[in-house]
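One structure is given here, and the rest of the page talks about it.
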There are 2 protein chains.
Amino acid sequence: MGERWWHRKFRGCGYRLTVPREVIFTVLSKTSKHLSAEEIYIEVHKTYPAIGLTTIYRTLELLVEMGFILKFDFGDKRARYELAEGLQGKQHHHHLLCTDCGKIIDYTDFAKEEKELLGQTEKGLSEKFNFKITNHLIQFYGLCSKCQKK
Amino acid sequence: MGERWWHRKFRGCGYRLTVPREVIFTVLSKTSKHLSAEEIYIEVHKTYPAIGLTTIYRTLELLVEMGFILKFDFGDKRARYELAEGLQGKQHHHHLLCTDCGKIIDYTDFAKEEKELLGQTEKGLSEKFNFKITNHLIQFYGLCSKCQKK
DNA sequence: TTTGATAATGATAATCATTACCAAAAAGGT
DNA sequence: ACCTTTTTGGTAATGATTATCATTATCAAA
């Protein structure tokens with residue numbers, strides 16, 4: 001799949017390809033951080049100063065809707081975004097959050113055990129409450145090594 | 001433990017007992033819902049019309065800090081609160097959220113499997129990343145039976 | 001290539017939950 | 001009852017996100 005595979009998907013959904021969208025997508029593709037809308041704005045602004053914050057928000061919403069990126073809430077009052085699984089080799093993972101300094105660690109371990117639990121849980125909950133489960137959220141909170149020493 | 005056990009704990013921490021605090025705590029004790037600050041405000045207002053929204057927020061923060069209640073974010077832009085585990089027979093549970101109508105279901109099932117996974121995961125993460133894990137969040141999202149039919 | 005319908009943009013104002021501020025009122029030890 | 005300290009509640013401020021709307025850009029068709 002070439003560099004422009006997402007262009008096709010974009011077009012296929014009837015959306016237009018624009019410079020802002022290109023740049024925003026690129027920024028998210030090249031970082032391993034969990035950027036907020038404002039951080040993305042600042043980053044995009046470097047190569048495309050005409051960008052407006054509104055466009056950032058709108059584009060992020062669009063990218064989420066299309067499944068290119070994921071939106072998270074890590075409890076710091078602003079949404080954060082990262083590339084979806086499958087893109088740029090991103091694997092399914094969860095987050096480990098330091099409640100002191102805000103550090104975020106992605107971890108992909110325990111996938112097997114987790115999958116098992118999720119399978120059981122989703123099945124059980126579906127039956128018991130007649131819920132159709134589409135998604136889940138798992139996060140761990142604690143203190144990173146640096147903050148433990150303080 | 002009598003009805004006033006928490007009065008002692010309150011006093012013990014150097015906090016004063018006030019009518020607003022009493023009323024707010026009572027509201028949270030008597031509901032099984034996941035109320036937002038504003039909903040609590042409205043409820044408290046019925047029996048104590050002089051209440052101020054600021055006091056609601058302050059008291060909730062205090063109750064969270066003291067461990068009487070838990071604060072949650074269910075993705076609807078406002079914090080929601082519920083009585084902590086152990087109070088009024090509340091058990092440790094997680095939430096099942098309907099992404100369509102916002103319905104929230106508490107479930108206590110799968111505690112064993114979950115506990116196992118959490119134990120393993122927390123241990124593994126602690127070792128690998130030298131993180132001291134203090135808390136976790138697990139939520140499932142999906143469609144409730146009513147919303148599936150639409 | 002130019003055109004034209006339509007979608008996208010960006011500056012600005014509006015929202016809305018939550019906080020900060022501060023003077024007035026309440027709590028609780030004396 | 002008094003006095004010191006905490007608590008309260010009205011109001012304004014904050015800060016992320018959304019709505020509005022005139023201007024601009026995209027792209028299929030001529």
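In what follows, every chain begins at residue 1, and chains take the letters A, B, ... in the order their sequences are listed. Values in this document were obtained by computation on a predicted structure and should not be read as measured data.
Counted by atom type alone, B/E82 and B/H34 present one or more donor-acceptor pairs between their side chains at under 3.5 Å.
Atom C1' of nucleotide C/dA17 and atom CG of A/D73 are separated by 14 Å, given to the nearest angstrom. Computed from coordinates, the B/I56 CD1 to C/dT19 P distance equals 14 Å when rounded to whole Å. The CZ atom of A/R21 sits 11 Å away from the C1' atom of D/dA25 (whole-angstrom rounding). Between B/F74 atom CZ and C/dA17 atom P there is a gap of 17 Å when expressed in whole angstrom units. When the P atom of C/dA7 is taken as reference, atom CZ of A/F10 falls 15 Å away, rounded to whole Å. Note: CD1 (B/I51) to P (D/dT11) measures 16 Å, nearest angstrom. Whole-Å rounding puts the A/E22 CD to D/dT26 P distance at 11 Å. Rounded to whole Å, the distance from CD1 on A/I24 to C1' on C/dT9 is 10 Å.
Judged by distance alone, with hydrogens and angles left aside, the side-chain atoms of B/Q88 form no donor-acceptor pair with the main-chain N or O of B/L28 at under 3.5 Å. A donor-acceptor pair under 3.5 Å is formed between the side chain of A/S126 and the backbone N or O of A/F131.
The shortest distance between side-chain heavy atoms of B/Y48 and B/I24 does not fall below 4.5 Å.
Checking B/K77 against B/T55, the closest nucleotide of DNA chain D that is more toward the 5' end is the one next to B/T55. When each of B/L17 and B/R58 is assigned the nucleotide of DNA chain C bearing its nearest heavy atom, the one mapping closer to the 5' terminus is B/R58. Positionally, the nearest nucleotide of DNA chain D for B/T59 lies more toward the 5' end than for the other of B/T59 and A/D76.
Taking every side-chain heavy atom of A/Y57 into account, D/dA16 is the closest of D/dT26, C/dT9, D/dA16. Closest to the B/L53 side chain, of the nucleotides D/dA19, C/dT18, C/dT9, is C/dT18. Among the nucleotides D/dT5, D/dA16, C/dA20, the one closest to any side-chain atom of B/R16 is D/dT5. Checked against D/dA16, C/dT9, C/dT18, the side chain of B/A37 finds its nearest nucleotide in C/dT18.
Using a 4.0 Å heavy-atom cutoff across all strands shown, A/Y48 reaches sugar-phosphate atoms only and no base atom.
Between A/F74 and A/F72, the ring planes are parallel. Angles under 30° get that label, and only those over 60° would be called perpendicular.
With hydrogens and angles left out, the side chain of A/T54 and the base of C/dT12 share a donor-acceptor pair within 3.5 Å. Evaluation of atom-type donor-acceptor distances gives no pair under 3.5 Å for the side chain of B/R11 against the base of C/dG28.
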